[in-house]
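Labels below follow one simple rule: chain letters A, B, ... track the order of the sequence lines, proteins then strands, and each chain is numbered from 1. Because the structure is a prediction, the values reported are computed rather than measured.
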2 protein chains.
Amino acid sequence: MSLSNSEEQLMQILWKQKQAFMKDLIEAYPDPKPAPTTVATLLKRMQDKQFVDYKQQGRSRKYFPLVKKTDYFAKHVNGLIKNFFNDSASQFASFFTETTDLSKEELEELKDLIDRQIKNK
Amino acid sequence: MSLSNSEEQLMQILWKQKQAFMKDLIEAYPDPKPAPTTVATLLKRMQDKQFVDYKQQGRSRKYFPLVKKTDYFAKHVNGLIKNFFNDSASQFASFFTETTDLSKEELEELKDLIDRQIKNK
DNA sequence: GAATCAATTCTACAAATGTAGAAGTAAATT
DNA sequence: AATTTACTTCTACATTTGTAGAATTGATTC
């Protein structure tokens, strides 16, 4: 089960805050902010999908993510790779470097990073 | 307007075939294949969204993509980058190389590719 | 030319998603 | 204690998505 768009948006906020009460979440929305009930519905659905949980903190709930942003993200990227590049990550990688336009510096940085990875193998 | 999941699946088939009649599309589906009417509905919705068009070819229609797979894909990736990495492609890149596991060969290949890109700047 | 085939259009309907009102509860404030 | 605040639950409803039957049409085969 994966997150819908508006759930994902909320998840972004939660990831950023690490943990938050309703109020904090709503505040973090850009205007026009959704109704509290809307956020509540989303949170409940996200609980059902096992993406968030909460701890009762006094009278209200402190919500927190159950999945790490990077894990969630990795799954996404892998999905994309599977879909668009017949499961070839390297094909994806080359596509990526060609398409997104990185500056020379960024490319150098990336190269170093890859170098380090190579040495790690 | 973007494609829904099942629309995207169909789009994948169409991209692969470059152009196709209903029959070809349905054949390309893994079992259980959808009803022709299902595919027809999807195709019409995709037309509305301007992702496909067709040429009347004799009695039936030859469908073809209006958007290139790479363009579509680039938009996706950029969306992801925006969402997950505050718009920093390089941050994404380093995340990517760390997370997806490329073989040593693939990494070497990628490095060369980046090298060529650097020389191009 | 009757029956079949391939494709299309129209219509429909269940499930998922986006959004929020109404009503309830518990704590904080006046 | 009455009111307000913060939050939650229940319910609801419009829109989008996934899926496909019924009916129609034009071409094809028997």
Which residue, A:Val39 or B:Gln47, contacts DNA chain C at a nucleotide closer to its 5' end, judged by nearest heavy atom?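 Between the two, 5'-proximity favours B:Gln47.
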
Phosphate oxygens OP1/OP2 of [N]: is one of them under 4.0 Å from a side-chain N or O of [X]?
| X | N | answer |
| --- | --- | --- |
| B:Tyr29 | D:dT19 | no |
| B:Lys49 | D:dT17 | yes |
| B:Ser6 | D:dG18 | yes |
| A:Ser4 | C:dG18 | yes |
| B:Arg61 | C:dT8 | yes |

A side-chain contact here means heavy atoms from C-beta on lying under 4.5 Å apart; do A:Phe51 and A:Val67 qualify?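 Yes, side chains in contact.
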
Are side-chain heavy atoms of B:Val52 and B:Leu66 found at a separation under 4.5 Å?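 A side-chain contact under 4.5 Å is absent here.
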
Integer-rounded Å distance: [N] [atom2] and [X] [atom1]:
| X | N | atom1 | atom2 | result |
| --- | --- | --- | --- | --- |
| A:Leu10 | C:dA20 | CG | P | 14 Å |
| A:Asp24 | D:dA6 | CG | P | 11 Å |
| B:Gln56 | C:dA7 | CD | P | 12 Å |
| B:Glu8 | D:dT17 | CD | P | 12 Å |
| A:Lys33 | C:dT19 | NZ | P | 15 Å |
| B:Leu42 | D:dA20 | CG | P | 10 Å |
| A:Arg45 | C:dT19 | CZ | P | 10 Å |
| A:Asn5 | D:dT17 | CG | P | 9 Å |

For [X], report the nucleic acid contact type (base, sugar-phosphate, nothing); a contact means any heavy atom under 4.0 Å.
| X | result |
| --- | --- |
| B:Thr38 | base |
| A:Tyr54 | nothing |
| B:Ala35 | sugar-phosphate |
| B:Thr37 | base |

Do side-chain atoms of A:Asp24 reach the backbone of A:Phe21 as a donor and acceptor pair under 3.5 angstrom?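 A pair under 3.5 Å: yes.
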
Ion pair B:Glu7/B:Lys49, N-O distance below 4.0 Å: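 Salt bridge: yes.
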
Closest listed nucleotide, where the reference is the side chain of [X] and the choices are [options]:
| X | options | value |
| --- | --- | --- |
| B:Pro36 | C:dT8, C:dG18, D:dC7 | C:dT8 |
| B:Lys23 | C:dT19, C:dA7, D:dT8 | C:dA7 |
| B:Lys44 | C:dA20, C:dG18, C:dC10 | C:dC10 |

Going by modelled atom types, is there a donor-acceptor pair between the base of D:dA20 and the side chain of B:Thr41 at under 3.5 Å?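 By the distance-only test, yes, there is a pair.
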
Regarding A:Glu8 and A:Tyr72, is there a side-chain donor-to-acceptor distance under 3.5 Å anywhere?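 On atom types as modelled, these side chains qualify, holding a pair under 3.5 Å.
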
Value rounded to 0.5 Å, distance of CE in A:Met46 from OH in A:Tyr63: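 It comes to 10.5 Å.
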
